[in-house]
Amino acid sequence: MLDKRVKSVAEAVAGIRDGATVLIGGFGNAGIPVELIHAVIDHGARELTVVSNNAGSGRTDLAALLAMGRVRKIVCSYPKTSGSVAFEELYAAGRIELELVPQGTLTERIRAGGAGIGAFYTPTAVGTMLAQGKEVRRLNGHDYVLEMPIKGDFALIQAKRADRWGNLVYHASARNFGPVMASAATVTAVQAGEIVELGALDPEAIVTPGIYVHRVVCVPNPQQAGQP
Amino acid sequence: MLDKRVKSVAEAVAGIRDGATVLIGGFGNAGIPVELIHAVIDHGARELTVVSNNAGSGRTDLAALLAMGRVRKIVCSYPKTSGSVAFEELYAAGRIELELVPQGTLTERIRAGGAGIGAFYTPTAVGTMLAQGKEVRRLNGHDYVLEMPIKGDFALIQAKRADRWGNLVYHASARNFGPVMASAATVTAVQAGEIVELGALDPEAIVTPGIYVHRVVCVPNPQQAGQP
Amino acid sequence: MIKPLSRDQIAMRVAQDVPDGAYVNLGIGLPTLVANYVPSDREVIYHSENGILGMGPAPPKGSEDPDLINASKQYVTLLPGGCYFRHDDAFVMIRGGHIDLALLGAMQVAANGDLANWSTDNEKIPPGVGGAMDLAAGAKQVWILMEHVGRDGRPKILERCTFPLTAPAVVQRIYSSLAVIDVTPEGLLVREMVEALAFDELQEKTGARLRLANDWRPIAIAS
Amino acid sequence: MIKPLSRDQIAMRVAQDVPDGAYVNLGIGLPTLVANYVPSDREVIYHSENGILGMGPAPPKGSEDPDLINASKQYVTLLPGGCYFRHDDAFVMIRGGHIDLALLGAMQVAANGDLANWSTDNEKIPPGVGGAMDLAAGAKQVWILMEHVGRDGRPKILERCTFPLTAPAVVQRIYSSLAVIDVTPEGLLVREMVEALAFDELQEKTGARLRLANDWRPIAIAS
């Protein structure tokens, strides 16, 4: 029987190694898998590379992981937001590496990782300092930058509902990076607000097919991300 | 007011020019926009390049367009199916050009066309005759073939329901190429079984956002594709 | 007496030019105000990079949904006909040329349409690019909303940007607090100026050569 | 007396090896029979390239849905927990290495795992590749189901394929009508043979050098 449910957030992130690349869903404070991030904090893994749109805000979840010095490098599009104090302190002290990636290139690189694409040419960032050192190629009369796929050892994402096959649906703009990150990790761990019977999710409306999901834990009342 | 509804299939395909590239949805006989194809037949455009997974079967829809000698070139993954008589006759007579593309590369090239990607590297077809004459590049220890985007002047697709903004939902595996083709054409024309009030489609379950759709015509009882 | 436009007045002026039925992405800050002023007889579809089409106004206090936010991380609503989609699909729309109009703020704009709106190249402040480069490169049209000069009085419209570029040669039009200026192959063309402003004064506050359109007129704000 | 396995018996033998919980793509033809024989205590998720996960058996006559078909264009059903998705996403699953197992037919297989299953290079017949190259290149494992020799009696297992390749070095295992053969770095290793078949006879019907595993055994079909 195919059953991806696990009993605890600890079990959901079990096996995460020092030095792992972790894709973390969320945009602003929507869709952040707060409890899974705290499970990584409790787990103890260090020297992580985190791929996430933002770099945490407040003092909980990603900001807490950063503040504990557990992240070697962050790959993101918009690290400085209101409340990104933890990141800013590390950055000013030279204690974290930042790879800044335009947001659309970030999502597309993750998609390429999940889709088995070896690399792709994008018009974004042509003629800017974020294209420095990268191959630029003229195709069909326009310039494009070559970009490489991103894959994760783990992806941590939040969903509204799941079933035991790992099918997922989301709520409003909390969907954001969840689906694309789910497709690009060796282990995709999901915290779902609710786990429903197999067949209860509309097959026409499932957003993330279970094939991309490996572990699902039920977290009925998740904390709000980015708390001070 | 944003209203993409048109009153007839003729209006839906109006403006299609001789020599146009037309993306046509469907896989097997599911999801084929039969009435829109017949509108193209009635319209009279010639020298078309058709991009479609199959090359028609029976004597209606795409097979009829082919049999009338209106297609200069077909880009597809699987032209020979049971009933693909019209195509086979043209092919044997040397009267149609065939560009054979692996199915996953076909969908990805269309996606690249819709997504503004200049080109991409795929592992599919490496070391085969379908990669002959194409750039092969070693990336991260594996070989990949460079593939170019496909865009259409028109896309013709079938959907189950639509609204006046052009939002679409599909039925079962008739979804197939509809969403990706919708994103890659200058004019995307949709035949929908039903047109519903704005707001009647679940915002969490809309498959093709209306931004990709330009014309919607209601065809309540479409013909079955591939009739003999 | 010259009265520069307020931020809301800039937004009002732009709103007059947003076409009916357009798909529009509003950048962070000043551009978000435009949605408040689009004439009610026009149906404009607002896109947000975090996976929303058909964004509506801010919700009444108390009924905010923390999972329904715009790119500026403000609470929004969804109109009937709106929908949600994946982040990668949101950028298919942007990069693929499906957004009719990106309304963006700017630090600097050059006479050839170069845009700088993401970094002041200050090493102490971590840079953040977000979706700015994708929008600048991908939208069919890019219009800029900004103060005509910086807080320090220095021109923001220049022959060449000194800040790092967001994208080269992408801006079609600038709506500043003093003027409406088209970026043309022949350089910057002033279409409108605020009342009582002389062209020479405008040129003085601008770091690139301007030309005045023959049919220029004073900026009119419907109030 | 040697009795080659029937098509159904090949499918039965393969079905024994399909792991519980696996995501499996069944190629056109012989492989589609496997679904009929997977033990009922195993939950196997069938993927179809036209946007289906969780395909169920053929529907009862009269309740077919013309919009619910598999890659072979046969009517199928959807199991609870199954879902539909876009064609491009179906190939994200394939190309991205998310399919555990592709069960495919073959015209020829080479000792190094090269697969030829899409074209006989006959200029009069239009070639059709479908999703074969994507599956061969993308699935985590590729197992081949086929007659051991062609209808003309010529070997289909060869040192080198003579037909155009589908993908080089992708086959892990061959289930033929006579034997179960692993493709190993040291060449082809026979794991199982049908009753009463001598290894020399098998080698004679095979165009590539075989080795017999020390722990080889007769093919057993649960009936």
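Letters go in sequence order (proteins before strands), and every chain restarts at 1. The model shown is predicted, which means the values in this text are computed figures rather than measured ones.
D/F85 and D/H47 have parallel rings, their planes meeting at less than 30° on a 0 to 90° scale where 60° marks the start of perpendicular.
A/R46 has no carboxylate O lying under 4.0 Å from a charged side-chain N of A/D18, or vice versa, which leaves the two without a salt bridge. Salt bridge annotation for D/E192-D/R13: present, with a cationic side-chain nitrogen under 4.0 angstrom from a carboxylate oxygen.
Counting non-hydrogen atoms of other residues, nucleotides and ligands closer than 6.0 Å to CG of A/D42 gives a total above 12.
With respect to chain A, the highest number of heavy-atom pairs below 4.5 Å among D/D89, D/I45, D/L78, D/V44 belongs to D/I45. Among A/G113, A/P209, A/A112, A/A115, the residue with the largest count of heavy-atom pairs under 4.5 Å with chain D is A/A115. Ranking A/G114, A/G210, A/S183 against chain D, the residue ahead of the rest is A/G114, based on heavy-atom pairs under 4.5 Å.
Heavy atoms of A/L201 lying under 4.5 Å from chain D are absent altogether.
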